[in-house]
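Side chains are part of it too, since the values below use all heavy atoms of this structure and drop only hydrogens, waters and symmetry mates. Sequential numbering from 1 along the given sequence is applied to the chain's residues.
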Amino acid sequence: WTRSMEIEPGAAEPRFHLGVLAAMQGRLDDAERLYQEVCERHPQHARARVNLAGLLMHKGRLDAADRELEAAARHAGPHASVVLVAIADLRLRQDRVNESEQAYREAVRLAPRDARGRHGLVGALLAQGRGADAMREIEALEVLAPNRPEVAESKVEALVALARLPEAEELIQRLIAAGGPTTLRHALKGRILESMGRTAEARVAYAHALAMNPNFAPAADGLDRLGRA
């Protein structure tokens, strides 16, 4: 891609894909700069604006992300569902959950085979405590994207919301055994154990989550509720 950019300095795609690679390598400032250059030279490049907005959201710059997505929506074209998912992600971060749900549903309508919109919709439904609605979407996802660990993790959350705690515990244990522990899985395990009244075990699970990521708010909140023994 660097060579392509040298050959065609004004072309959008080499610079865009260099931004994608920089983000994958964790060089977020470089990725942001490259996406901004694409947007300045090619204002209608919706994918660059979506990716730039994702970086801005990651950095907590939600107002700037909103501006980029507004511009992306004006030039979405064939990428309309991708733009809608990004807008829905932002609305969820802004605690505008109803708007988030609406945007995810529209993304699903436009691209019913794209798992991203439906998985985002599950998150919006869980944020509203609508476990039964979330489970229906998860069942559709299990057909659309089988054996995806993030879908199984969402199913754990839905089972907790539905107070089906033994099933939730069994599933999270299977996930940890098959794919190893992660911050989210430890936190989910803590939430299940807390809901079952197994406070000491829940405290340990939350502590394991924070050991992996000290900034993971759900685990920190769980420990605060239980008391940091």
Side-chain angles (χ1 to χ4, degrees), residues 23-24 26 54 57-58 85-86 88-89 91-93 95 97 100-101 104-105 107-108 111-229:
M24 291 173 66
M57 280 190 269
H58 178 74
V85 169
D89 289 345
R91 296 292 175 259
L92 198 55
R93 283 203 180 206
D95 292 325
V97 183
S100 175
E101 180 187 346
Y104 283 131
R105 288 194 182 279
V108 170
R113 302 294 301 172
D114 188 337
R116 290 171 295 180
R118 197 174 296 275
H119 191 247
L121 176 58
V122 168
L125 294 169
L126 288 172
Q128 299 173 69
R130 292 162 57 188
D133 291 337
M135 188 62 80
R136 282 192 289 272
E137 297 298 335
I138 289 166
E139 289 168 355
L141 268 174
E142 287 177 325
V143 175
L144 186 62
N147 303 316
R148 295 282 289 270
E150 64 271 23
V151 176
E153 289 162 353
S154 293
K155 189 171 186 177
V156 171
E157 293 190 69
L159 289 168
V160 173
L162 292 168
R164 292 162 57 180
L165 300 176
E167 294 173 73
E169 183 180 18
E170 180 185 355
L171 180 52
I172 198 64
Q173 295 287 30
R174 288 207 312 268
L175 279 170
I176 292 171
T182 66
T183 301
L184 175 59
R185 290 172 189 176
H186 277 311
L188 286 173
K189 184 178 178 180
R191 185 174 162 196
I192 295 163
L193 294 168
E194 181 183 355
S195 299
M196 297 173 86
R198 292 156 61 183
T199 303
E201 294 171 82
R203 190 181 289 115
V204 170
Y206 287 137
H208 283 318
L210 288 176
M212 297 182 79
N213 180 358
N215 298 315
F216 195 65
D221 292 344
L223 271 186
D224 286 341
R225 283 193 302 273
L226 300 177
R228 295 174 183 259

*Val97 vs Arg91 side-chain heavy atoms within contact, under 4.5 Å*: no
*Ignoring hydrogens and geometry, is there a side-chain-to-backbone donor-acceptor pair from Arg118 to Glu137 under 3.5 Å?*
no
_Working note: Leu159 + Leu165, criterion side-chain contact (heavy atoms from CB on, under 4.5 Å); need CA distance, chi angles, decisive distance, verdict._
CA-CA 7 Å; Leu159 289 168; Leu165 300 176; over 6 Å; no
*Write down the atom of Val122, the atom of Ser154, and the distance for their closest heavy-atom approach.*
CG1-CB, 3.9 Å
*Hey, does the side chain of Tyr206 reach the backbone of Arg191 with a donor-acceptor pair shorter than 3.5 angstrom?*
yes
*Going from CG on Leu125 to CE on Met135, what distance comes out if it is rounded to the nearest 0.5 angstrom?*
12.0 Å
*Atom CZ of Arg225 with >12 non-hydrogen neighbours under 6.0 angstrom*: yes
*Mind checking the CZ-CG spacing from Arg203 to Leu223? Nearest 0.5 Å is all I need.*
7.5 Å
*Over all heavy atoms of both residues, which pair between Leu162 and Ala132 is shortest? Give the atoms and the distance, please.*
CD2-N, 3.5 Å
*For the residue pair Ala205 and Leu193, what are the closest heavy atoms and their distance?*
CB-CD1, 4.5 Å
*Please check if the side chain of Arg105 supplies one atom and the backbone of Leu121 the other of a donor-acceptor pair under 3.5 Å.*
no
*What pair of heavy atoms forms the shortest contact from Val151 to Ala145, and how long is it?*
CG2-O, 4.4 Å
*Distance, nearest 0.5 Å, that separates OG1 of Thr182 from CD of Glu153*: 5.5 Å
_Validation row: Lys189, Gln173 side chains within 4.5 angstrom (heavy atoms)_ = yes
*If you take all heavy atoms of Gly131 and Ala161, which pair is closest and at what distance?*
CA-CB, 4.0 Å
*Exercise: identify the closest heavy-atom pair between Asp89 and Met57*: C-SD, 4.3 Å
*Quick one: does Leu171's side chain get under 4.5 Å of Lys155's, heavy atoms only?*
yes
*Pairwise distance CD1(Ile138) to CG(Leu126) - rounded to 0.5 angstrom*: 6.0 Å
_From Leu141 atom CG to Arg116 atom CZ, the distance as rounded to the nearest 0.5 Å_ = 12.5 Å
*Backbone N/O of Ala211 and side chain of His186: donor-acceptor pair under 3.5 Å*: no
*What distance do Arg198 atom CZ and Glu169 atom CD have between them, rounded to the nearest 0.5 Å?*
4.0 Å
